[in-house]
Amino acid sequence: MRDLKAVVRTIPDYPKPGIMFRDITTLLGDARSFRRAVDELVHPYAGGKADKVAGIEARGFILGGAVAHQLSAGFVPIRKKGKLPHTTVRVSYLLEYGEDEVEMHADALVEGERVILVDDLIATGGTAGAAVKLLRQLGAEIVAACFVIDLPELGGADKLRADGVEVRTLISFEGH
């Protein structure tokens, strides 16, 4: 079995100096690694533990779609403001230098549905925390939030856990 960490490309100083960008496109492009990552994300939740999988734009769509397929669950896209064509609900959240918003279709969930949130990476937890808030606003029961990569020094996974969300990550990298 190939080590998932070994197939993640690191790009120094992107998008700004001092940042070590963890790029999963190399993992997605390697069939065995992609399959392994999806299998490891799915395994604890097999057997009907989720009604829907919500994926955060954009790499969360790729991973979340694959996880939803494996779990025989529906898929819910969570997108940046203004990208969805039907009636939406929206949550704003703080960024390092400002504010952003995520939204989803207002009819994407039925109250009480069990949802797994999926994205490629958890850093500060701002987007994932907003996605959890958005899902709960529509009455979802959050089963877990799953990520391929955790950057533990930035504290996002701990913030989600403090908010009562089970967090599952496959690999972690120190630093930013």
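No experiment lies behind these values; they were computed from the predicted model shown.
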Can you give me the closest heavy-atom contact between Ala131 and Ile56, atom names plus distance?
CB-CD1, 3.9 Å
So, Ser92 versus Glu99: side-chain donor-acceptor pair below 3.5 Å or not?
yes
Shortest non-hydrogen contact from His105 toward Pro85
NE2-CD, 3.5 Å
Less than 4.0 Å between a side-chain N and a carboxylate O, is that true for Asp163 and Arg136?
yes
Thr26 OG1 to Arg9 CZ distance, which is reported to the nearest 0.5 Å:
5.0 Å
Are Glu103 and Lys81 ion-paired here, with the side-chain N under 4.0 Å from a carboxylate O?
no
Minimum heavy-atom separation for Leu63 and Asp120, please, with both atom names.
CD1-CA, 3.7 Å
A cation-pi test, strictly: NZ or CZ of Lys5 under 6.0 Å from the centre of the six-membered ring of Phe173 and no more than 45 degrees from its axis. Yes or no?
yes
Verify same cluster id: Val102, Leu84 (apolar side-chain graph, 4.5 Å):
no
With rounding to the nearest 0.5 Å, note down the distance linking CG in Leu121 to OG in Ser172.
10.5 Å
Regarding Glu166 and Tyr45, is there a side-chain donor-to-acceptor distance under 3.5 Å anywhere?
yes
Which heavy atom of Ala73 sits nearest a heavy atom of Val53, and at what distance?
CB-CG2, 4.3 Å
So that I can tick it off, tell me whether Asp100 and Lys80 are bridged by a salt bridge, with the cut-off set at under 4.0 angstrom between side-chain N and carboxylate O.
yes
Considering only NZ, NE, NH1 and NH2 on the basic side and carboxylate oxygens on the acidic side, decide whether Lys52 and Glu113 come within less than 4.0 Å.
yes
At what distance, to the nearest 0.5 angstrom, does CZ of Arg168 lie from CD1 of Ile122?
15.0 Å
I would like to know whether Asp39 and Arg35 meet salt bridge (charged side-chain N to carboxylate O under 4.0 Å, His left out); could you show each step before the answer?
CA-CA 6 Å; Asp39 287 349; Arg35 174 63 180 225; 3.2 Å; yes
Minimum heavy-atom distance Ile149-Arg22, with the two atoms named
CD1-CB, 3.9 Å
What pair of heavy atoms forms the shortest contact from Phe21 to Tyr14, and how long is it?
CB-O, 3.3 Å
